[in-house]
Amino acid sequence: MSFNTLPYLVFLPLAALAWLAAPRPARIWVLLAANGVFYAFGGTPGLAVFLVLAALLAWAGGLGIRRGRHPRAWLAGTLLACVALLCFFKYNRFFPALADGLAALGMPVSAGGWLLMPLGISYYTFTAVSYLVDVYRRKIPAEGNFLYLLAFTSLFATVTAGPICRAGDILPQLHAPARFEEGRVVNGLQVMLVGYFKKIAVADMLFKFVDTVYGNLPAYSGLTLTLAALGYGVYLYADFSGYSDIARGSALILGLRLPENFRVPYCAAGLGEFWDRWHISLSGWLKDYIYIPLGGSRKGAVRRVLNVLAVFIVSGLWHGVGLSFLFWGLLHGAGRVFEMLTGLGRRRTAGPVRWLHTALTFVYVNVCWVFFRCENLADALYVLTAQFAGGDVIAQCRTAVAAGFDATPLLMLGYGAFCVLAVALLTAWDAWRVRGLAGGGAEVAFARLGTARRWVLYYLFLAFIFAAFLMQNGYLVGSASFAYGGF
Amino acid sequence: MRKLLGRLCLFLLPVALYLALFVAFEPYNYFGLRAGATDSNQPIYRVRSYLQQPENVIFLGDSRMAHLNMELAGEILGTPCSNLAFGGASEQEMIDLFWFATEENPNLERVYLEVSFYTMNRYYDKDRAGNIRTVAENPLAYMLNLSYNLEMLANLKNTLTGTAPVAGDTETATYTPADYQDENGNPLPYRRQLIDYAATIYGVVTNGADMPADPAEAVAYMTDPANIELRQWEVNTEQLERLKEVAAWCKENGVELVFVAPPVDESITACVLEPLGIGEEFAAVLDELRATGTPVLDYELGGGHGLREDQFFDGFHIDTVYGLPQYTATLLADANAALGGNG
């Protein structure tokens, strides 16, 4: 089951009602059942055994670290097991004999011939790792009840694509009494509304053009490639931040507060600030569990540079298998190192200087996205260089839109206009949010509006969502899957 | 909680109002709330009608079967009929709808199923029956479909402006001597419209054809045997096997089945079927179908339909006023005879 399906809109209120209405001893079972239903309909249910295994490793490891005689050994052993589990599924294509053997035993395989990745494995293994390390560092107590740790690891709001939550934030909330609070539910619905707008009206609409161009690069050149590259940057932001909003909103309805995962990242002046605003939960995880344990900035400048590069290499490899992901990570690492060495990252800028810095950061990040999106380095280099070649942008765009959005010329024009308006609305919304960053997410932004304006905005988002859903024949065709669910 | 639910209802009110508007102006009388449909030839209307009232005699095919007058057919056969044919249907879609009809109506008595060189082309593989059926059975799928929403808005606009919708199912014309001459007054081998249509069909069953604009030259191009290498037509063996399964099922379940290869004008035979060698291969397909013991009414290769050239609106479609009633009667009489007079 995915967030952007009609069954989810039936599942969520039922799960919330059951969670809130259940007597306290039974609540955790209700949540586990809801998580199980969500997972069962989300991918290959048989692979849930690995989610349970990761939770079991974390639980046993946590208890061993706290109560055992050799906490370090417990930490090392369970960490290794979790990381090995992740690496096995991510990189089994490099071990075809082993993968073939397991496939013969009935493990599901992907279209490419390697073992299918269990839904959310990249996220729940990182969640398990953060729990183990936090227990070892004595930041949090070890969870004695396996059911709570399993419920936390498998939480339906986060299992698909994060946010990667910290046990110290979520476990206490699971243990606390659950109460229905109308204001909190309204906030949850507000955040979800923005999430669905980003996903359905912006990301899914842009996807039709962007994916068509990237799927047949030699047919395109010039400005079309520029539009596709920029479109991909906006698509990825809208898709992933939309997912995160829906996840946060869903959790709020249950009474659980998840961390924000995006804070208007394209307003960042500098890569350091960008990574403080983009996929915040992953950036924070990499900082706390890779960068700082490696020494962070405390072991001299050279070591600091190496630590930064190590973080971005891990980030690249976490996102995917392939040189293009590694190169993407290295590009960000190199950019970040450049900022550190020149002091750009430390200086706070304002006015036109900040705007220029923001624009340059936006361009650099989008150049990096080209490597992120392309299947190989050659394609990425083609996109970056062929942008400066000629090409009939109108004819090419018409071809790309026709391939991804099969319709009459008038409707294709309407598609283009719709995308422009939807991106404009998203930009305006983010610009409004920038003014209240310290306050938090979409619900804070809504709270700062008067009732009339708030309702106008509700209806505007709803109109865009409904129109986009119709334009995509969303009911019959189904909505596109979330990009980060594939990592 | 009550306040929250109230606010949610208020929030969803515009969606509810829009859907109500859709129901009021939707073009195919899906909900049975209005009289008639804007265009009853559309597959959604036909499948929906069949779901609401499945008749025991059905017609399956593309536009050549879709235009048959079911009232006339009902009068001739003495029993109401359902027409599940629709324009552009592929053989796969026809067979899919056959199986749909058998699921919905266990009392099926007779099936007229089109088999044509055009639909039995392996390269003509449209597969929309599943979607059509989903839309026909699921009101939400219908209401949230882009095409139908656009047609609803067009219907609404016509209603508000008092414009009558354009009738889509009347193809009729009369011809003058000028229709049989080129721009310089030289006689053409066929009526100009028939040459244009043959060129269109030629373009569909070939790849890379460079059709001249001049009608006489176009005929020369199409009848040039050297152009056979441009042919993009192969027998769809998968659908041929499925047709045999249909025949076997009908035999086993006591359902009368007739395969119908609809009439084509001589221009199609001369410009498409013969020069590209399609006629010969398609004849073998019909022989295989005959071997199942099912009657095959071959008007496409075998003629025998008794229609004149001016009774064809184009190479495929019979004039709905001057030719179709005659053909309907011929088809049903021939089918009766082929089935042993059980009609």
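Only a predicted model underlies this, so the values are computations on that prediction, with no experimental measurement involved. These numbers come from the heavy atoms of this one structure, side chains and all, not from hydrogens, waters or symmetry mates. To find a chain, count down the sequence lines: A is the first, B the second, and so on, and within it residues start at 1.
Counting heavy atoms of neighbouring residues, nucleotides and ligands inside a 6.0 Å radius, atom CZ of Arg231(B) exceeds 12 of them. Within a 6.0 Å radius of CD in Glu103(B), more than 12 heavy atoms belonging to other residues, nucleotides or ligands are found. In Trp455(A), the CH2 atom is crowded: over 12 heavy atoms of neighbouring residues, nucleotides or ligands sit closer than 6.0 Å.
Looking at Met143(B), only its backbone comes within 4.5 Å of chain A, counting heavy atoms on both sides.
Rounding to the nearest 0.5 Å gives a distance of 8.5 Å between CZ of Phe11(B) and CG of Leu189(A). Going from atom CG of Leu10(B) over to atom OH of Tyr458(A) covers 10.5 Å, rounded to the nearest 0.5 Å. Put simply, CZ on Phe22(B) and CG on Leu470(A) are 9.0 Å apart, with the number rounded to the nearest 0.5 Å. For the atom pair CD (Gln472(A)) and CG (Leu144(B)), the distance works out to 12.0 Å, reported to the nearest 0.5 Å.
Nearest heavy atoms, Leu4(B) versus Val185(A): CD2-CG1, 3.6 Å. Nearest heavy-atom pair, Leu146(B) versus Met471(A), reported as atom, atom and distance to 0.1 Å: CD2-O, 3.6 Å. In terms of heavy atoms, Met1(B) sits closest to Glu182(A) at N-OE1, 3.6 Å.
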